[in-house]
Amino acid sequence: MSEPTRAGRGPIRIPAPAGVFPAAQYTHVVTATGRLVAVSGQLPLDKDGELVGPGDPAAQARQVFANLRRCLAAAGARFEDVVKLTYFVTDMAHMPAIRAARAAHIPDDRLPASSAVRVAGLVAPEFLLEVEALAVVAA
């Protein structure tokens, strides 16, 4: 069993509870106390509503995480407060690009709980991914 980790006063992460296969790309359990912040699925749109990175999952992922950062900040939260990310992707081959974009904001020792869902499509065919977040801001 992995030992729980805590980033300062933030969430407690349990990477692999006893009897659960450890995962390298996410944390199995994250617990926190405080104010809940729910961020709707973010798309790769810039501030003017223009698509960033047509056909480029890396560029789209960078824009999505930039949008998540802005949304979290608007609620007084940071990526270190994120306890859960849900990825909606049209092709699982995009996951390495998404993980690279995530790594620019969240270090490996603070990975949130995560789910990745392959979808037939998003709200428009040019979107390759969408990511939503749940954060808990310490009281």
Side-chain angles (χ1 to χ4, degrees):
M1 178 173 113
S2 299
E3 292 298 314
T5 60
R6 176 181 281 235
R9 295 180 359 148
I12 296 171
R13 292 165 173 81
I14 305 168
V20 177
F21 184 77
Q25 300 299 329
Y26 58 91
T27 297
H28 279 287
V29 179
V30 180
T31 182
T33 301
R35 182 173 49 86
L36 179 66
V37 176
V39 179
S40 293
Q42 294 299 299
L43 294 166
L45 298 172
D46 68 13
K47 65 183 176 79
D48 298 317
E50 297 295 322
L51 173 66
V52 173
D56 181 349
Q60 289 195 18
R62 287 190 300 272
Q63 182 64 42
V64 163
F65 274 88
N67 290 348
L68 286 169
R69 180 180 45 78
R70 290 179 184 105
C71 290
L72 290 165
R78 300 173 294 183
F79 274 108
E80 65 193 47
D81 301 315
V82 171
V83 297
K84 176 79 163 67
L85 291 172
T86 304
Y87 308 97
F88 301 94
V89 295
T90 57
D91 186 336
M92 294 308 281
H94 301 327
M95 288 307 297
I98 295 168
R99 288 184 191 114
R102 180 194 65 200
H105 299 278
I106 303 173
D108 284 347
D109 66 339
R110 294 187 187 164
L111 294 176
S114 298
S115 297
V117 181
R118 184 175 57 89
V119 295
L122 293 163
V123 69
E126 59 268 18
F127 299 130
L128 304 176
L129 62 121
E130 180 175 340
V131 181
E132 63 184 25
L134 288 176
V136 177
V137 178

Please verify the inter-ring angle class for Tyr87 with Phe65; under 30° counts as parallel, over 60° as perpendicular, anything in between as tilted. tilted

Atom OG in Ser40, atom CD in Glu130: separation rounded to 0.5 Å? 8.5 Å

Hydrophobic cluster identity match, Val39 and Val137, side-chain contacts under 4.5 Å: yes

The residue among Arg102, His28, Arg13 that forms side chain to side chain contact (heavy atoms under 4.5 Å, CB included) with Leu111 is Arg102

Nearest-0.5 Å distance, CG of residue Leu85 to NE2 of residue His105: 11.0 Å

Is any side-chain heavy atom of Leu134 less than 4.5 Å from a side-chain heavy atom of Leu36? yes

Should Val89 and Ile106 be counted in the same cluster of Ile, Leu, Val, Met, Phe, Trp and Tyr side chains packed under 4.5 Å apart? yes

To the nearest 0.5 Å, what is the distance between CE (Met92) and CZ (Arg118)? 8.0 Å

Can you hop from Tyr26 to Val82 via hydrophobic side chains spaced under 4.5 Å? no

Backbone of Gly49 reached by a side-chain donor or acceptor of Asp46 within 3.5 Å: yes

What's the spacing between Glu126 CD and Thr90 OG1 if we round to 0.5 Å? 11.0 Å

Measuring from Met95:CE to Ser114:OG, what's the distance to the nearest 0.5 Å? 7.5 Å

Hey, any chance Phe127 and Val52 share a hydrophobic cluster, counting ILVMFWY side chains that come within less than 4.5 Å of each other, even indirectly? no

Apply the test side chain to side chain contact (heavy atoms under 4.5 Å, CB included) to residues Thr33 and Val136: give CA-CA distance (whole Å), side-chain angles for both, the deciding distance (0.1 Å), then the verdict. CA-CA 7 Å; Thr33 301; Val136 177; 5.8 Å; no

Between Glu132 and Phe88, is a side chain to side chain contact (heavy atoms under 4.5 Å, CB included) present by the stated rule, with each step listed? CA-CA 9 Å; Glu132 63 184 25; Phe88 301 94; 3.9 Å; yes

Can you tell me which residue among Ile98, Leu43, Val119 is in a side chain to side chain contact (heavy atoms under 4.5 Å, CB included) with Leu129? Ile98

Once rounded to the nearest 0.5 Å, what's the spacing between atom CG of Leu51 and atom CG of Leu128? 8.0 Å

side-chain hydrogen bond (donor to acceptor under 3.5 Å, both in side chains): pairs with one or both residues in residues 59-73, sequence neighbours excluded: Gln63-Asn67, Asn67-Arg70

